Amino acid sequence: MIRSLLGPSVVSALRRMAVSCVLGIGLAVAAVESLTVKVHRKIPHDPGAFTQGLLWWHGKLYESTGRRGQSQLRRIDPATGAVESQVRISVLFFGEGLARAGNRLVMLTWQAEQAFVFGLPDLDRLGTLSYRGEGWGLCHDGRRFVMSDGSDRLSFRDSESFAVVGQVAVTFEGSPLADLNELECVDGQVYANVFQRDTIVRIDPATGRVTARVDAAGLRDAGEAQGADVLNGIAYAPELGRFFVTGKLWPAIFEVTFVDESAP
């Protein structure tokens with residue numbers, strides 16, 4: 001009856017308006033949150049450490065470093081920045097990302113297609129895992145590993161076998177986002193450094209959509225920036241509700257929170 005009163009052209013216009021309203025709401029929900037870093041504390045960091053992975057466990061920071069002949073796995077006292085324990089990696093390997101699964105640490109290598117497994121808390125060598133392609137970043141979400149390879153894709157891997165069990169393409173405002181590097185899994189989301197940018201993104205692993213962008217520029221002063229390389233290293237301490245971030249050859253680790261400056 002309503003259709004006959006309004007006519008087909010009016011009904012069609014109303015339908016288009018309804019679709020536009022729905023899409024508008026969808027776009028508003030899908031907006032990428034813009035965040036900055038609030039620094040709570042600065043911790044000394046070895047400026048010779050080519051940081052590739054960083055994580056927090058039982059009140060300590062664990063770090064993997066890169067470069068052949070210089071790659072290491074380290075346990076760091078977050079109160080002082082002192083290296084409490086370290087394991088040297090063979091000169092044949094270029095160390096990469098680091099993740100914890102239970103009482104195991106898994107450390108990627110760049111192009112050797114091998115990951116080394118260490119025990120906690122003693123950092124004793126437990127074994128080796130294999131994979132195809134390059135290793136960049138790694139985290140564990142409580143069910144599976146999430147791994148980056150420098151592309152716009154994240155792969156999901158079995159906690160025991162390290163076999164690929166899925167993958168997702170990452171997008172920023174609808175476009176592919178490549179150069180995904182070091183990762184940190186936090187509350188069902190994945191935080192990632194973007195290689196060669198002072199940027200950290202928060203990714204919904206179910207869809208691959210970037211839901212937040214963190215501007216980490218300006219963390220270092222002019223003196224700290226001298227001789228330093230790119231931002232790389234994200235750790236989250238759930239009992240503190242804070243992140244720790246650093247970079248390759250950075251002289252400091254920063255204890256921070258990610259904040260929305262536009263919020264009241």
Side-chain angles (χ1 to χ4, degrees), residues 43-131 134-148 157-162 181-186 191 193 232-240 242-253 255:
I43 304 164
H45 180 241
D46 176 9
F50 201 71
T51 304
Q52 302 286 38
L54 192 68
L55 63 85
W56 173 277
W57 184 72
H58 283 195
K60 301 292 182 180
L61 286 165
Y62 292 81
E63 177 183 41
S64 57
T65 69
R67 291 183 166 171
R68 289 183 176 86
Q70 300 179 41
S71 298
Q72 296 184 358
L73 171 63
R74 300 172 165 189
R75 183 175 68 240
I76 298 171
D77 179 0
T80 64
V83 177
E84 297 182 332
S85 181
Q86 59 188 10
V87 178
R88 296 187 180 276
I89 308 301
S90 167
V91 68
L92 299 175
F93 300 98
F94 190 116
E96 281 286 349
L98 183 70
R100 181 185 66 84
N103 289 328
R104 297 176 299 143
L105 292 178
V106 176
M107 179 180 177
L108 298 177
T109 58
W110 180 25
Q111 296 175 317
E113 299 185 330
Q114 295 183 51
F116 303 130
V117 184
F118 300 88
L120 286 168
D122 298 326
L123 306 185
D124 49 318
R125 181 75 176 270
L126 299 180
T128 303
L129 299 168
S130 299
Y131 53 89
E134 293 187 357
W136 284 46
L138 192 69
C139 67
H140 194 275
D141 66 5
R143 299 184 297 116
R144 61 193 177 177
F145 288 103
V146 183
M147 179 174 163
S148 66
R157 294 179 175 271
D158 183 82
S159 291
E160 299 299 327
S161 68
F162 215 58
N181 203 356
E182 215 269 299
L183 307 177
E184 181 76 353
C185 294
V186 181
Y191 289 79
N193 283 120
N232 201 50
I234 317 167
Y236 181 68
E239 63 267 43
L240 303 176
R242 292 182 178 177
F243 288 85
F244 293 83
V245 297
T246 190
K248 301 175 181 182
L249 311 179
W250 283 29
I253 298 172
E255 183 180 329

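For clarity, every value in this text was computed on a predicted model and none was experimentally measured. Both backbone and side-chain heavy atoms feed into the values below; hydrogens, waters and symmetry mates do not. For the single chain, residues carry numbers from 1 onward in sequence order.
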- Task: Supply the atom-to-atom distance N232 CG to W136 CH2, rounded to the nearest 0.5 angstrom.
- Result: 9.0 Å
- Donor-acceptor contact below 3.5 Å, side chain S64 vs main chain G53: yes
- Can you check whether K60 reaches P78 side chain to side chain, under 4.5 Å on heavy atoms? yes
- Query: Does Y62 reach the main-chain N or O of L54 with its side chain, forming a donor-acceptor pair under 3.5 Å?
  - Reply: no
- Closest approach of G95 to S71 (non-hydrogen atoms, all atoms of both residues): N-OG, 2.8 Å
- For V146 and L183 the tightest heavy-atom approach is O-CD1, 3.4 Å
- Task: Determine whether the side chains of T51 and E63 contain a donor N or O and an acceptor N or O closer than 3.5 Å.
- Result: yes
- Going by heavy atoms in the side chains, are I89 and M107 under 4.5 Å from each other? yes
- Item | Check against ring pair (Phe, Tyr, Trp, His ring centres under 6.0 Å), F93 and F116 | CA-CA 10 Å; F93 300 98; F116 303 130; 4.9 Å; yes
- Task: Identify the heavy atoms of V83 and Q86 that sit nearest to each other, and give their distance.
- Result: CG1-OE1, 3.8 Å
- Message: Using modelled atom types and a 3.5 Å cut-off, is there a donor and acceptor pairing between side-chain atoms of H45 and backbone atoms of W250?
- Response: yes
- Query: Would you say L105 and W57 make side-chain contact, with heavy atoms under 4.5 Å?
  - Reply: no
- Task: Output the distance between atom CD (E255) and atom OG1 (T246), rounded to the nearest 0.5 Å.
- Result: 13.0 Å
- Item | side chain to side chain contact (heavy atoms under 4.5 Å, CB included) evaluation trace for L108 with M147 | CA-CA 9 Å; L108 298 177; M147 179 174 163; 4.1 Å; yes
- Task: Report yes if some heavy atom in the side chain of F243 is under 4.5 Å from a heavy atom in the side chain of I234; otherwise report no.
- Result: yes
- Message: Looking only at side-chain N and O atoms, does Q52 offer a donor or acceptor that is under 3.5 Å from a partner on W110?
- Response: no
- Item | Any donor-acceptor N/O pair, R74 side chain to T65 backbone, under 3.5 Å | no
- Query: Just how far is it from atom CG of L138 to atom CG of L98, taken to the nearest 0.5 Å?
  - Reply: 7.5 Å
- How long is the span from the CZ atom in F145 to the NE2 atom in H140, to the nearest 0.5 Å? 5.0 Å
- Query: What class does the angle between the rings of F50 and F94 fall in, given that below 30° is parallel, 30 to 60° is tilted and above 60° is perpendicular?
  - Reply: perpendicular
- Message: Tell me if a side-chain donor or acceptor on R100 pairs with a main-chain N or O of G102 at a distance below 3.5 Å.
- Response: yes
- Message: Working to the nearest 0.5 angstrom, can you tell me the gap between H58 NE2 and R75 CZ?
- Response: 12.5 Å
- Task: For the pair L129 and R157, evaluate side chain to side chain contact (heavy atoms under 4.5 Å, CB included) and give the outcome as yes or no after the intermediate values.
- Result: CA-CA 11 Å; L129 299 168; R157 294 179 175 271; over 6 Å; no
- Task: Identify the two heavy atoms, one from N193 and one from G233, that lie closest to each other, and give their separation to 0.1 Å.
- Result: OD1-N, 2.9 Å
- For W56 and P238 the tightest heavy-atom approach is CD1-CD, 4.3 Å
- Message: How long is the straight-line distance from CD of Q114 back to CD of E96, given to the nearest 0.5 Å?
- Response: 14.0 Å
- Does the ring centre of Y236 sit less than 6.0 Å away from the ring centre of Y191? no
- Message: Just so I know, are the side chains of L126 and R104 near enough to count as touching, which here means a heavy-atom distance under 4.5 Å?
- Response: yes
- Nearest heavy-atom contact between T128 and R125 is OG1-NH2, 3.3 Å
- Query: Are more than 12 heavy atoms from other residues, nucleotides or ligands located less than 6.0 Å from atom CZ of R88?
  - Reply: no
